[in-house]
Student: 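Would you mind keeping the following structure in view while I ask a few things?
Just so it is clear, the values below take in all heavy atoms, side chains as well, and ignore hydrogens, waters and symmetry mates. All values derive from a computational prediction rather than experimental measurement. Below, chain A is the first sequence line, B the second, and so on; all start at residue 1.
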Amino acid sequence: MLEINILRSEKDRVVAGLRKRNFNDDDLKNIDRILDLDDNRKKVLTNLEQLKAESNQKAKEIGALFKSGKTEEANTLRNLVAASKEQIKEQEEQVRAVMQELDTALLDLPNIPHPSVVAGKGEDDNEIVKDWSGELPAFEGFEALPHWDLADKFNLIDFKLGVKITGSGFPVFRGKGAQLERALINFFLAQASKAGYEEIVPPLMVNADTARATGQLPDKEGQMYYVEKDDLYLIPTAEVPVTNIYRDEIVSVDKLPIKLTGYTPCFRREAGSYGSDVKGLNRVHQFDKVEVVQIAHPDQSYAILDEMVSHVEALLIQLELPYRILRLCGGDLGFTSALTYDFEVYSAAQGKWLEVSSVSNFETFQSNRLKLRYREGNEKPQLTHTLNGSALALARIVAALLENNQDENGISIPTVLQPYTGFSRID
RNA sequence: GGAGGAAUGGCAGAGCUGGUUGAAUGCACCGGUCUUGAAAACCGGCGUACGUUUACGCGUACCGGGGGUUCGAAUCCCUCUUCCUCCGCCA
């Protein structure tokens with residue numbers, strides 16, 4: 001959620017930013033509407049508070065009169081004050097209405113893109129900031145199989161079984177497939193720990209307050225699985241519960257940056273997506289992911305973003321996967337993000353680049369909702385910046401590993417993973 | 001799932017027969033005096049948000065969340081949540 005004072009004091013920047021997100025003139029009117037609502041809020045609030053102040057004052061007088069035994073006078077005054085109650089109630093209702101309208105409008109406004117973000121319609125306009133300069137895997141003398149065929153051939157992943165147990169998009173990993181999955185999780189967590197992140201095992205279900213604070217509600221409501229009976233949401237990413245650890249907290253500035261990591265399964269309804277890119281592991285409803293989260297001082301957050309990008313890059317290098325790094329354009333940038341780098345990995349048999357990581361700086365957008373602040377000395381608390389990134393998302397990494405490392409008779413495991421898998425080859 | 005008890009500031013812990021209580025006291029924390037330095041002792045400070053003000057300040061709200069009674073509520077009532085104890089069930 002954007003801070004109103006930014007809307008007010010840096011309106012030009014806000015407008016320019018939202019234009020990158022393809023806001024048209026009509027959409028932009030919302031900004032003026034919000035400012036008007038805020039003006040109105042102040043007006044009615046001042047009014048109400050004045051009424052309350054008067055009423056409080058009188059109440060004190062009545063108390064004093066009763067105490068000194070002047071019952072007659074007290075009762076007279078009491079009747080007088082009772083009359084103003086109606087007025088206060090009316091004003092309160094007005095304030096409530098304005099605040100709610102303001103809140104709703106503010107909740108619908110996405111984050112302002114960083115200056116480096118270019119305008120653009122969608123994913124085709126994303127900038128490749130680092131392309132793959134090496135060779136892409138090539139296969140000679142045999143026909144390379146896509147990962148769903150490899151999974152079948154070597155009994156690693158059973159998609160049909162998942163359909164039977166749950167539905168489409170819930171793959172069953174088994175045997176060496178399951179072990180590879182677990183090995184990757186352990187490898188990623190070990191790397192994150194080595195980089196100084198504290199490991200968290202969070203709840204996989206969250207309440208609405210939590211989902212709202214990181215921005216999934218109301219924006220992504222339809223994309224989350226919702227358990228109505230208990231009013232809980234299945235997490236779409238560990239970002240949600242992990243970042244919310246610090247909701248409503250004021251941390252001392254010397255605690256920053258706070259670095260957290262967590263492995264969780266992620267649940268996504270993926271409503272409305274279909275077509276060839278949902279085949280196999282490319283797009284599933286449940287997948288494993290190791291997430292890294294940082295809570296940072298505003299002055300440091302962009303340096304930290306770079307650090308997180310390097311961390312993810314190092315993982316891909318160690319896994320020997322061809323990758324490229326994209327800076328998302330305004331049209332593809334997530335609702336809550338100011339700047340996002342996406343990592344894509346080449347999955348050779350499909351001949352496709354698959355998104356495996358998204359690393360973002362949210363600046364104060366989340367912390368404003370989280371009420372997550374830091375304090376420097378005796379200064380007034382300030383909003384922190386929050387960042388997170390996938391390090392990494394498993395399903396598509398598995399797809400690429402299987403496809404890229406296949407030969408005629410089997411699949412070899414990258415050296416760095418072998419201590420985690422306990423085997424060097426699938427055949 | 002049933003019965004009972006509880007939820008107060010960073011922590012501990014009063015208040016809970018309604019009236020200068022944003023809230024005693026202790027600890028923690030910050031500043032000062034003392035000391036060669038430190039500790040101890042002593043003195044002072046020490047919540048957040050919003051509104052208002054050039055500023056000092058002033059006002060409003062907040063004692064788990066929401067609602068109600070009242071001129072006035074941390075204190076009374078309703079409701080929800082969470083925790084503790086006992087019973088039941090259970091990996």
Side-chain angles (χ1 to χ4, degrees), chain A residues 1-9 34-107 201-213 217 227-233 241 244-256 258 295 364 366-384:
Chain A
M1 188 155 62
L2 290 171
E3 299 160 78
I4 290 187
N5 57 8
I6 290 180
L7 245 51
R8 205 176 280 284
S9 61
I34 287 172
L35 292 181
D36 285 346
L37 280 168
D38 192 44
D39 286 338
N40 199 235
R41 179 191 64 108
K42 288 181 187 173
K43 215 178 84 196
V44 291
L45 195 62
T46 307
N47 221 317
L48 171 65
E49 286 184 354
Q50 199 178 338
L51 283 174
K52 280 192 173 172
E54 284 167 20
S55 150
N56 285 346
Q57 180 57 37
K58 296 246 171 61
K60 270 185 192 166
E61 284 174 30
I62 293 170
L65 288 172
F66 272 124
K67 237 177 198 170
S68 56
K70 297 175 182 163
T71 319
E72 196 70 17
E73 287 175 54
N75 280 324
T76 313
L77 194 52
R78 183 152 69 172
N79 293 332
L80 206 73
V81 179
S84 70
K85 271 197 76 180
E86 203 54 35
Q87 212 180 344
I88 288 180
K89 223 165 198 169
E90 212 171 275
Q91 292 282 324
E92 266 176 344
E93 195 40 58
Q94 244 186 78
V95 170
R96 205 191 319 249
V98 173
M99 297 261 250
Q100 191 176 344
E101 202 178 340
L102 180 61
D103 227 43
T104 308
L106 225 39
L107 233 38
V201 180
L204 304 183
M205 298 181 117
V206 296
N207 58 35
D209 283 343
T210 294
R212 197 174 302 113
L217 288 178
V227 181
E228 192 169 6
K229 195 159 188 176
D230 296 290
D231 196 21
L232 294 173
Y233 297 85
N244 268 277
I245 290 174
Y246 284 92
R247 173 151 52 92
D248 292 323
E249 296 280 333
I250 299 173
V251 298
S252 164
V253 70
D254 51 81
K255 294 264 174 18
L256 301 178
I258 295 167
I295 293 160
T364 59
Q366 288 184 328
S367 57
N368 191 29
R369 291 193 186 189
L370 289 157
K371 302 216 186 329
L372 165 49
R373 291 157 293 171
Y374 68 92
R375 193 199 295 279
E376 208 155 359
N378 286 325
E379 308 265 302
K380 204 168 162 261
Q382 302 286 326
L383 294 173
T384 66

Student: Could you tell me how far apart A:I88 (CD1) and B:rU60 (P) are, to the nearest whole angstrom?
Tutor: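 Those two atoms, CD1 and P, are 11 Å apart.
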Student: Where the side chain of A:K380 is defined as all heavy atoms beyond and including C-beta, which of B:rG51, B:rU48, B:rC50 is the nearest nucleotide?
Tutor: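 Closest of the options to the side chain of A:K380: B:rC50.
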Student: Please state the P separation for the pair B:rU48 and B:rA23 - nearest whole angstrom.
Tutor: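 The same atom, P, in both gives a distance of 14 Å.
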Student: Can you tell me how far C1' in B:rA7 sits from the matching atom in B:rA74, rounded to whole Å?
Tutor: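 These two C1' atoms come out 12 Å apart once rounded.
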Student: Which dot-bracket notation, 5' to 3', represents the base pairing of RNA chain B when pairs are defined as Watson-Crick or G-U with both distances under 3.5 Å, crossing pairs as [ ], and inter-strand pairs as |?
Tutor: ((((((((.[[[..)...(.....]]].(((((.......))))).((((((....)))))).[[[[[..)....]]]]])))))))....
Student: Could you give the CZ-to-C1' distance, from A:R375 to B:rU48, as a whole number of Å?
Tutor: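 Interatomic distance, CZ of A:R375 to C1' of B:rU48: 9 Å.
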Student: A:Y233: which residues meet the ring pair (Phe, Tyr, Trp, His ring centres under 6.0 Å) condition with it, sequence neighbours left out?
Tutor: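 Testing A:Y233 for ring pair (Phe, Tyr, Trp, His ring centres under 6.0 Å), a comparison that skips the adjacent residues, returns A:Y226.
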Student: Roughly how far, to the nearest 0.5 Å, is the CG atom of A:N75 from the CZ atom of A:R78?
Tutor: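 Output value for this atom pair is 4.5 Å.
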Student: Enumerate the protein-to-nucleotides 21-23 of chain B contacts in which both atoms are nitrogen or oxygen and the separation is below 3.5 Å.
Tutor:
none

Student: Rounding to a whole Å, what distance do you find between A:E92:CD and B:rA61:P?
Tutor: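 Taking atom P of B:rA61 as the reference, CD of A:E92 is at 9 Å.
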Student: Are the side chain of A:S55 and the backbone of A:L51 linked by a donor-acceptor contact shorter than 3.5 Å?
Tutor: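 It does not hold such a pair.
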Student: Would you mind reading off the distance between A:Q382 atom CD and B:rA49 atom C1', rounded to a whole angstrom?
Tutor: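 My rounded result for the distance is 14 Å.
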Student: Taking atom CE of A:M99 and atom CG of A:L106, what is their separation to the nearest 0.5 Å?
Tutor: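 One gets 12.0 Å once the value is rounded to the nearest 0.5 Å.
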Student: Distance-only, no hydrogens or angles: does the A:N368 side chain make a donor-acceptor pair with backbone N or O of A:M1 under 3.5 Å?
Tutor: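 Yes: the side chain of A:N368 pairs with the backbone of A:M1.
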Student: Can you name the atoms? Protein N/O to nucleotides 63-68 of chain B N/O, anything below 3.5 Å, with the distance.
Tutor:
| residue | atom | partner | partner atom | Å |
| --- | --- | --- | --- | --- |
| B:rG67 | OP1 | A:R96 | NH1 | 3.4 |

Student: Could you state the CG-C1' distance from A:L77 to B:rC71, rounded to the nearest angstrom?
Tutor: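 It works out to 7 Å between those atoms.
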Student: Distance check needed: B:rC50 P versus A:L45 CG, whole Å only.
Tutor: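 Taking atom P of B:rC50 as the reference, CG of A:L45 is at 11 Å.
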Student: If I take atom NZ in residue A:K255 and atom C1' in nucleotide B:rG10, what distance separates them, rounded to the nearest angstrom?
Tutor: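 These atoms are roughly 11 Å apart.
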Student: Under 3.5 Å between N/O atoms: give me all the protein pairs with nucleotides 57-59 of chain B, atom names plus distance.
Tutor:
| residue | atom | partner | partner atom | Å |
| --- | --- | --- | --- | --- |
| B:rG59 | N2 | A:E49 | OE1 | 2.9 |
| B:rG59 | N2 | A:E49 | OE2 | 3.4 |

Student: Tell me, do A:L370 and A:N244 make a side-chain contact under 4.5 Å, heavy atoms counted?
Tutor: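 The answer is yes; the side chains approach within 4.5 Å.
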Student: OP1 or OP2 of B:rA49 versus the side-chain N and O atoms of A:R373: is any pair under 4.0 Å?
Tutor: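 Affirmative; the distance criterion is met.
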Student: Check residues 83-90 of chain A and write down every donor-acceptor pair under 3.5 Å in which the side-chain atom is one partner and the other belongs to a residue at least two apart or another chain.
Tutor:
| residue | atom | partner | partner atom | Å |
| --- | --- | --- | --- | --- |
| A:S84 | OG | A:V81 | O | 2.8 |

Student: Could you state the CG-P distance from A:N47 to B:rC50, rounded to the nearest angstrom?
Tutor: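 Going from CG in A:N47 over to P in B:rC50 covers 20 Å.
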